[in-house]
Structures are given as structure tokens and as C-alpha cells.
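These numbers come from the heavy atoms of this one structure, side chains and all, not from hydrogens, waters or symmetry mates. One is the number of the first residue; the rest follow in order along the sequence. All ligand and atom numbering here is 1-based and tracks the order in the structure. Source: prediction; values computed, not measured.
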Amino acid sequence: MQGNQAQINDELYTDEERWAELRTRVAQAASRSQRSADDITVIAVSKTVSATRVRQAYLSGWQNFGENRVQELVGKQDELVELPGATWHLIGQLQSNKVKDVLGRVSYIHSLDRLSLAIAIQERAENMSIARMKCFIEMNLAGETSKAGLAPNQLPDFLRQVSLLPRLEIVGLMTIPPLVSNPEESRALFRRLAEMRDQIREMNLPNVTMNHLSMGMSADFEIAIEEGADFIRVGTAIFGRRTI
Ligand SMILES: *Cc1c(COP(=O)(O)O)cnc(C)c1O
């Protein structure tokens, strides 16, 4: 595992080599969980990466791009309007006053973590005649104060409230596990998120479809896929180490 990781990030590799290896590893992890590579959406996390490199990645077949800052998302998208079929994801924290800049630009928001934000999305979607905004609820499973996300005991109430907002579709759960030296240490949290997703799905709440799990990054995407992730968010392993 550690060896693979070093290899995939090795700057001596060309992008095409790294991307081919990444695709292979995603497909292998998918088959270990009785799925195919087509079942896994790889979001190329393009924060700090130039529009030119995003265009190269798109031309090589990557179609999903993730940004964590609204301003950077807007600037890059405006440079890249000519990428038909590209899908954008907001994966970072979202302030309610920035909702207006994001709606209509992204297909998924991965960081829904409070009711005031959900209401802001509902109101703005109404104004803009956006029928449904797909959102993941961000979960903070390890109780890290430095991180956004709901604690598990906040989730039932939150779900009851957001299920009353018809312009939102709650498509799944998202999490960012604590930084660990061995990615195996995150497996239990990934498993827990999958169990929570399954339980919520059984509740059959309106506007809550819960078909997806957004979990897994460069260091741990194989383990996340093995535990059921179908949206993985991969930056370093696609674009190389970020310098800023
Ligand atoms: C940066 C980022 C990622 C990607 O991280 P890598 O370790 O570079 O793959 C994934 N998710 C979120 C929310 C991020 O901010």
C-alpha cells in the first residue's frame, strides 16, 4: 500500500502513466467490492491546479472536477466553459452568502452541514428555478473540532428538517477522516458511514435518496471503495503534490 502510494505520486511519472495506474487501482478496488470501475465516480480535485492542467485532464478522460473554494471554482470554470460534459463538485465548506455563486455551476455540493445552509440553498434554487440541488451531508465521525460536519447524534433531527426542503436532494453522506499514518486506520469510519447511509435509506424520507457515499482521497481511496464508496475525491494522485 505504502509502496503504491509512493509510486503514484512520483513526479518522474508522466500524467498519463499516473492516470492509467490510478484507473487500474480504482477498478481493482471496485472488483474487490463486487463492483466495476463504472460504478465509481472519480472526482479529480483540482484545487490549486491551473485551468490548463484541468483541460489536459479532461482531454485524457477525467470528467468530474472538485473544488473546495467558491472563488477558485468560479474563476476556473469561467476559463473552462468549453468542456462539454464536465461535472463540477463543490467539496469544501460553503458560506450561505456564497450559495448564489455556486448554484447553477455545480452538480453536487458535498459539504451540507447545517440547516441555515440548507435553507439558503432551498431559497436560491427557488429563485433560479433549479428543480433539485444534489447535496451530500458532511459527517464528522471522529469529533474533530477543526473540521466541519455533523456529529452522528445531530443527524436524525437534521434529516427530518432537510427532508422538508423540496429543492434539495440528499444524495448521500460525505466524510473526511482524521489524518492517519496508515490508511487502514480509516476503514472503521468508512464502514460506519456506509452503515449510517443504509439506515437512513430505510427511513424513506422525502427528498432523501441516500444512494451515494463520498469518501476516500489519494491516501485511502482503495479502502473507501472496499467499504462502499462510489464517489472518491482524488487530488494528489491525479495532479501530483500541491505546492501551495
Ligand atoms: C483536497 C481535498 C481532497 C483531495 O485530497 P488528496 O489527498 O490530494 O487526494 C479531497 N476532499 C476534500 C474535501 C479536499 O479538500
Side-chain angles (χ1 to χ4, degrees), residues 1-2 4-11 13 15 18-19 21-26 29 40-50 53-54 57 62-76 87-95 98 102 106-114 117 134-142 144-150 171-187 189-190 193 212-244:
M1 185 66 62
Q2 223 49 29
N4 269 342
Q5 196 56 40
Q7 230 175 32
I8 211 164
N9 292 337
D10 193 325
E11 305 293 338
Y13 280 62
D15 281 347
R18 243 183 311 133
W19 295 342
E21 186 180 332
L22 175 63
R23 288 188 172 105
T24 303
R25 286 173 58 191
V26 168
I40 314 293
T41 299
V42 180
I43 301 166
V45 175
S46 49
K47 63 187 184 198
T48 79
V49 172
S50 70
R53 291 205 68 215
V54 172
W62 300 108
Q63 288 211 316
N64 287 271
F65 297 98
E67 291 283 342
N68 68 337
R69 292 214 172 85
V70 173
Q71 209 173 345
E72 188 177 348
L73 166 84
V74 169
K76 219 171 284 181
T87 299
W88 292 84
H89 302 251
L90 186 78
I91 60 172
Q93 277 190 51
L94 178 56
Q95 293 170 277
K98 298 270 175 70
V102 162
V106 300
S107 299
Y108 295 87
I109 293 170
H110 290 244
S111 47
L112 180 62
D113 63 352
R114 57 195 191 280
L117 177 59
K134 292 183 161 71
C135 298
F136 287 86
I137 298 176
E138 181 169 353
M139 297 300 299
N140 184 345
L141 295 181
E144 290 173 285
T145 49
S146 60
K147 278 200 188 129
L150 293 177
V171 297
L173 300 178
M174 177 272 215
T175 201
I176 308 172
L179 212 56
V180 289
S181 51
N182 178 355
E184 271 297 332
E185 294 173 48
S186 300
R187 186 181 293 278
L189 287 189
F190 292 147
L193 200 72
H212 300 298
L213 282 174
S214 168
M215 59 187 194
M217 320 204 306
S218 293
D220 56 17
F221 66 86
E222 285 158 308
I223 293 166
I225 291 170
E226 286 167 13
E227 297 301 331
D230 64 341
F231 281 63
I232 60 172
R233 309 178 310 269
V234 182
T236 313
I238 289 181
F239 293 111
R241 260 183 280 275
R242 289 180 289 275
T243 47
I244 38 173

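- Between the side chain of Asn140 and the backbone N or O of Lys147, at least one donor-acceptor pair lies under 3.5 Å.
- For ligand 1, the atoms closer than 4.0 angstrom to any heavy atom of Lys47 are 1 (C), 2 (C), 3 (C), 14 (C), 15 (O).
- For atom 3 (C) of ligand 1, the closest non-hydrogen atom of the protein is Met217 SD, 3.7 Å.
- Listed here is the closest heavy atom pair of Gly235 and Arg242: CA-NH1, 4.1 Å.
- At a heavy-atom distance under 4.0 Å, no atom of His110 approaches ligand 1.
- Protein heavy atom at the shortest distance from atom 9 (O) of ligand 1 is Ser218 OG, 2.5 Å.
- By the neighbour-count criterion of 12 heavy atoms within 6.0 Å, atom CZ of Arg187 is densely surrounded, having more than that number from other residues, nucleotides or ligands.
- Near Ile176, the atoms of ligand 1 lying under 4.0 angstrom from a non-hydrogen atom of the residue are 13 (C).
- Given atom 8 (O) of ligand 1, the protein heavy atom at minimum distance is Thr236 OG1, 2.5 Å.
- In this structure, atom 12 (C) of ligand 1 lies nearest to the protein heavy atom Ile91 CD1, 3.5 Å.
- In terms of heavy-atom proximity, Ala142 sits nearest to Pro178 at CB-CG, 3.5 Å.
- Arg233 NE, 2.9 Å is the protein heavy atom nearest to atom 11 (N) of ligand 1.
- Note: His89 and Phe231 have perpendicular aromatic rings, judged against thresholds of 30 and 60 degrees for the angle between ring planes.
- Residues Glu67 and Ser46 share a closest heavy-atom pair of OE2-OG, 2.7 Å.
- Interface of Val234 with ligand 1, defined as ligand atoms under 4.0 Å from a residue heavy atom, comprises 9 (O).
- More than 12 heavy atoms of other residues, nucleotides or ligands shown are found within 6.0 angstrom of CD on Glu72.
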